[in-house]
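Taking it in order: structure first as structure tokens, then the write-up.
Quick note on labels: first sequence line is chain A, next is B, and so on, each numbered from 1.
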Protein chains: 2
Amino acid sequence: MATADPGRPGFALPLLLLAGFRTLIDGLHAELAAQGHPELRPLHGFVLQAVGVEGTTATELGQRLGVSKQAAGKTVDRLVALGYLERADDPRDARRRLVRMTARGRDGLTRSAVVFDTLRDRWATTLGPERVAAIEDDLRTVAAADLFRLDVPGWFGT
Amino acid sequence: MATADPGRPGFALPLLLLAGFRTLIDGLHAELAAQGHPELRPLHGFVLQAVGVEGTTATELGQRLGVSKQAAGKTVDRLVALGYLERADDPRDARRRLVRMTARGRDGLTRSAVVFDTLRDRWATTLGPERVAAIEDDLRTVAAADLFRLDVPGWFGT
DNA sequence: CCACGTTCGACAACCACGTTTACTATCTGG
DNA sequence: CCAGATAGTAAACGTGGTTGTCGAACGTGG
């Protein structure tokens, strides 16, 4: 670990949290690639999740993800091009363009859920189930203490 | 938390890890901005860390961070423009361009370490010191079990 | 001692993801 | 019925990444 400063305890915690997150995401996408979804990027999982089974609109998606509606729209464009999402007109409001998952999108999301469960099981095997649960509880506690908000995504830069 | 699927336990863990990482980084940069370093981005901390007090070169920096030498070079350009790094010729090898921290760079890195320590203390106040230590231990255990490697940075996209 | 292969840095083209600003089309309430 | 709010799109830009190419400088073998 070339970049961590062993002398300052505070440096380790963010590094470890990032590393933990990363390994789950990397594991997910390695497995997804093997299961027929090589084009799915880390970000896309969040987006599919946020679109949900009922569908949504670009503006609402942006709010859910914490990014501008323009950014959300561009990401939807890419996912449409990849075949994970599709757009449709809203019969009740000609301004809105509904965004829905395709069958491929649903397949990717379902597989993501299964793989995440599997990866969590693997952690539970290594650490013991109660330790994994304790990590989750602790992080939720910190979240509840308003040390951070849990609505999450929407950084990845700038 | 609009984006998490409460029905699938596996989804929560990566989200919580990311949220934990994010809050530390956000807290760091909020504080750094207040202490005279508003231009420092999350990535920059890793880069300064990787440059180290002895300095390095763009190619070596790229290796440490897990990115191409070109990407490392561009990031160095930005940090030079911001006054955190400086370049110098290597008297022993005219091909190489040494990258070193300026006084400002050292100041930013030092303050980062202090702020990270403070944030960790705040977690310890909320959770109890032994719980924070337990999280770190567990994540290190998972790392050691080769469920992930700890050399970390070098994703943030693509 | 010199030619050849390797390495370093730079440059260019490109992509993903985000921003702000600006514009059009549509809906809605007084 | 029109003023104002809202949905989507477009353009310009910033940041962080990628490949590919290239010239200059290094080091080594013949």
What integer distance in Å separates [X]:[atom1] from [N]:[atom2]?
| X | N | atom1 | atom2 | value |
| --- | --- | --- | --- | --- |
| A:K69 | D:dT9 | NZ | P | 10 Å |
| A:D90 | C:dA25 | CG | P | 19 Å |
| B:R92 | D:dG27 | CZ | C1' | 16 Å |
| B:D77 | D:dG14 | CG | P | 15 Å |
| B:Q63 | C:dG9 | CD | P | 10 Å |
| A:L43 | C:dA16 | CG | P | 12 Å |
| A:L40 | C:dC17 | CG | P | 11 Å |
| A:F46 | C:dA16 | CZ | C1' | 16 Å |

Compare side-chain N and O positions of [X] against OP1 and OP2 of [N] and report whether any pair is under 4.0 Å apart.
| X | N | answer |
| --- | --- | --- |
| B:R41 | D:dT15 | no |
| B:S68 | D:dT18 | yes |
| B:H44 | D:dT15 | no |
| A:R78 | C:dG18 | no |
| A:T57 | D:dG8 | yes |

* **Passing candidate, side chain to side chain donor-acceptor pair (under 3.5 Å) with A:R97, options A:T57, A:D90, A:D89** =>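 Answer after filtering A:T57, A:D90, A:D89: A:D89.
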
* Residue pair A:L17 / B:F21: nearest heavy atoms and the distance that separates them ->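 Nearest heavy atoms, A:L17 then B:F21: CD1-N, 3.7 Å.
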
* **Identity of whatever pairs with D:dG30 - Watson-Crick or G-U, under 3.5 angstrom** =>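 Base partner found: C:dC1.
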
* Asked: Should the ring pair B:H37 and B:Y84 be called parallel, tilted or perpendicular, given that the plane angle runs from 0 to 90° and is split at 30 and 60?
  ->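 B:H37 vs B:Y84 ring planes: tilted.
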
* Between A:R104 (side chain) and A:G83 (backbone), is there a donor-acceptor pair under 3.5 Å? ->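 Pair absent, no side-chain N/O of A:R104 close to backbone of A:G83.
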
* **Electrostatic pair A:E39:A:R78 at N-O distance under 4.0 angstrom** =>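 The answer is no: the pair does not qualify as a salt bridge.
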
Classify the nucleic acid contact of [X] as base, sugar-phosphate or nothing, counting any heavy atom under 4.0 Å across all strands shown.
| X | result |
| --- | --- |
| A:A94 | sugar-phosphate |
| B:T59 | sugar-phosphate |
| B:A71 | base |

* Asked: Taking atom types as they are modelled, is there a donor-acceptor pair under 3.5 Å from the base of D:dG16 to the side chain of B:K74?
  ->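 No pair found.
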
* Quiz item: A:Q70 side-chain donor-acceptor pair to C:dT21 base, under 3.5 Å ->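 Donor-acceptor pair under 3.5 Å: yes.
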
* Asked: Sequence neighbours excluded, which residues qualify as ring pair (Phe, Tyr, Trp, His ring centres under 6.0 Å) partners of A:H29?
  ->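 Ring pair (Phe, Tyr, Trp, His ring centres under 6.0 Å) list for A:H29, sorted by chain: empty.
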
* **Residue mapping more 5' on DNA chain D - nearest nucleotide basis, B:T75 or B:P91** =>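 Result: B:T75.
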
* The side chain of B:R96 lies closest to which of these nucleotides: C:dT19, D:dT9, C:dC8? ->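 My answer, after comparing the listed nucleotides, is C:dC8.
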
* **A:R95, nearest nucleotide to its side chain (from C:dG18, C:dA22, D:dT6)** =>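 Nearest nucleotide to the side chain: D:dT6.
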
